[in-house]
Asks: 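This structure is in structure tokens; I'll ask about it shortly.
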Amino acid sequence: MATDQRHPAQGLELAYARVSTTKQSLERQLDALRAAGIPETRIYVDKESGATVERPGLTDLLAYAWAGDTIVVHTLDRLGRNLREVLNLVHDLNEKQIGVRSLADPLPINTADEGMGRIAFLLLALFAEMERTFTAERAAHARAVAEAAGRRIGRPVAHSADKIEYARLLKQQGTSLGQIAAKTGIPKTSLHRYLAEASSAAAPSGDAQ
């Protein structure tokens with residue numbers, strides 16, 4: 001598909017269809033795009049598999065599209081793997097004066113439309129920002145609850161406190177990191193972190209009042 005390499009001066013409607021697994025079918029999207037009047041030569045397609053996340057069809061479409069064109073999709077989520085990615089792409093296209101229109105979203109999107117289509121897109125942007133805020137708040141709440149219960153936040157310590165203390169004592173005795181790693185079984189990369197944390201904890205915080 002999308003074999004027409006000529007680009008007339010006037011704005012075109014170009015289409016994009018994507019499925020993310022080999023079990024999904026493109027036909028529903030393609031039928032809707034054809035029904036909307038998009039010729040086969042202007043329909044770009046990607047069929048991703050679990051082995052790749054590359055989207056050469058979208059890359060070719062974005063390279064071909066000019067200012068004044070409109071990219072038509074069945075639903076807006078076909079343009080990206082998450083809402084933030086979609087919104088970023090639509091924003092970039094808007095900067096290049098390339099519109100985006102969806103056919104089957106509950107609130108059909110048309111960024112070239114100053115009326116309801118534009119409002120619908122702005123609502124999506126608002127929802128994405130709200131979800132980002134809610135996610136940050138949920139993470140902060142989970143940390144607060146865990147700290148109140150005395151649980152450690154972050155990655156669990158892979159090595160026991162006794163081993164780390166033994167490593168610290170060996171370091172104080174002038175033992176090399178390689179020898180400490182061999183004696184304790186702690187990799188050098190972890191040793192650097194543990195010894196730095198121990199040194200920071202042992203450092204005086206200031207003169208006593």
Side-chain angles (χ1 to χ4, degrees), residues 16 18-24 46-63 73 75-96 98 100 121-209:
Y16 178 66
R18 175 179 68 88
V19 291
S20 56
T21 71
T22 54
K23 293 182 180 180
Q24 292 178 319
D46 279 318
K47 193 163 187 176
E48 301 172 67
S49 70
T52 179
V53 294
E54 295 180 357
R55 291 178 287 175
L58 182 61
T59 299
D60 291 344
L61 168 60
L62 297 178
V73 290
T75 53
L76 202 63
D77 61 359
R78 297 303 83 200
L79 286 174
R81 300 181 190 91
N82 55 63
L83 184 54
R84 176 61 60 184
E85 186 176 293
V86 170
L87 292 174
N88 287 341
L89 177 56
V90 173
H91 174 77
D92 291 344
L93 291 170
N94 186 62
E95 292 290 308
K96 298 175 183 178
I98 298 172
V100 174
F121 175 71
L122 293 175
L123 284 172
L124 278 178
L126 174 62
F127 296 154
E129 183 62 22
M130 288 170 62
E131 179 58 27
R132 185 194 66 78
T133 300
F134 292 154
T135 299
E137 288 178 348
R138 286 193 294 267
H141 177 70
R143 286 195 298 270
V145 170
E147 288 170 357
R151 296 197 300 269
R152 179 185 175 89
I153 305 301
R155 294 181 301 176
V157 177
H159 302 92
S160 69
D162 289 344
K163 274 191 176 183
I164 296 171
E165 178 62 15
Y166 180 40
R168 187 182 69 80
L169 293 173
L170 289 173
K171 180 63 176 175
Q172 287 179 345
Q173 295 168 8
T175 309
S176 70
L177 282 180
Q179 291 173 320
I180 296 173
K183 290 183 177 183
T184 62
I186 302 175
K188 286 184 180 181
T189 52
S190 297
L191 275 173
H192 280 294
R193 185 173 76 254
Y194 292 145
L195 294 175
E197 290 174 354
S199 176
S200 176
S205 58
D207 294 334
Q209 298 297 319

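Numbers here are sequence positions counted from 1. Since this is a predicted model, take the numbers as computed values, not measurements.
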Asks: Quick one, Lys183 and Tyr166 - any side-chain contact, counting heavy atoms below 4.5 Å?
Replies: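 They are in side-chain contact.
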
Asks: Is there side-chain contact between Leu62 and Leu89, with heavy atoms separated by less than 4.5 Å?
Replies: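 Yes, side chains in contact.
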
Asks: Are Asn88 and His91 close enough that some pair of their side-chain heavy atoms sits under 4.5 Å apart?
Replies: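 Answer no - side chains too far apart.
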
Asks: Please find the pair of heavy atoms, one from Gly57 and one from Asp46, that lie closest to each other, and give the distance.
Replies: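 Taking Gly57 first and Asp46 second, the nearest heavy atoms are N-OD1, 2.7 Å.
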
Asks: Which atom names give the shortest non-hydrogen contact between Lys188 and Gly178, and what distance separates them?
Replies: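 Scanning both residues, the minimum pair turns out to be CE-CA, 3.5 Å.
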
Asks: Does the side chain of Leu58 reach to within under 4.5 Å of the side chain of Arg18, using non-hydrogen atoms?
Replies: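 Heavy-atom side-chain distance check fails, nothing below 4.5 Å.
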
Asks: Of all the heavy-atom pairs spanning Thr184 and Lys163, show the shortest one and how long it is.
Replies: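 For Thr184 versus Lys163, the nearest heavy atoms are O-NZ, 3.2 Å.
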
Asks: What heavy-atom pair brings Leu79 and Arg55 nearest, and what distance separates the two atoms?
Replies: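 Nearest heavy atoms, Leu79 then Arg55: O-NH1, 3.2 Å.
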
Asks: Partners of Thr75 by side chain to side chain contact (heavy atoms under 4.5 Å, CB included), sequence neighbours excluded?
Replies: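 Residues passing side chain to side chain contact (heavy atoms under 4.5 Å, CB included) with Thr75: Asp77, Arg78, Ala104, Asp105.
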
Asks: For residues Gly80 and Glu85, report the shortest heavy-atom separation together with the two atoms involved.
Replies: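 Smallest interatomic distance, heavy atoms only, reads CA-OE2, 3.2 Å.
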
Asks: For residues Ile180 and Lys171, determine if any side-chain heavy atom of one lies less than 4.5 Å from a side-chain heavy atom of the other.
Replies: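 The answer is yes; the side chains approach within 4.5 Å.
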
Asks: How far apart are the C-alpha atoms of His192 and Leu177, what are their side-chain angles, what is the distance that settles it, and do they pass the side chain to side chain contact (heavy atoms under 4.5 Å, CB included) test?
Replies: CA-CA 8 Å; His192 280 294; Leu177 282 180; 3.2 Å; yes

Asks: Rounded at 0.5 Å granularity, tell me how far CG in Asp92 sits from CG in Leu87.
Replies: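 Going from the CG atom of Asp92 to the CG atom of Leu87 covers 11.0 Å.
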
Asks: Among Leu93, Val86, Asn94, exactly one meets side-chain contact (heavy atoms from CB on, under 4.5 Å) together with Val100. Which residue is that?
Replies: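 It is Leu93, the one option of Leu93, Val86, Asn94 that forms the side-chain contact (heavy atoms from CB on, under 4.5 Å) with Val100.
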
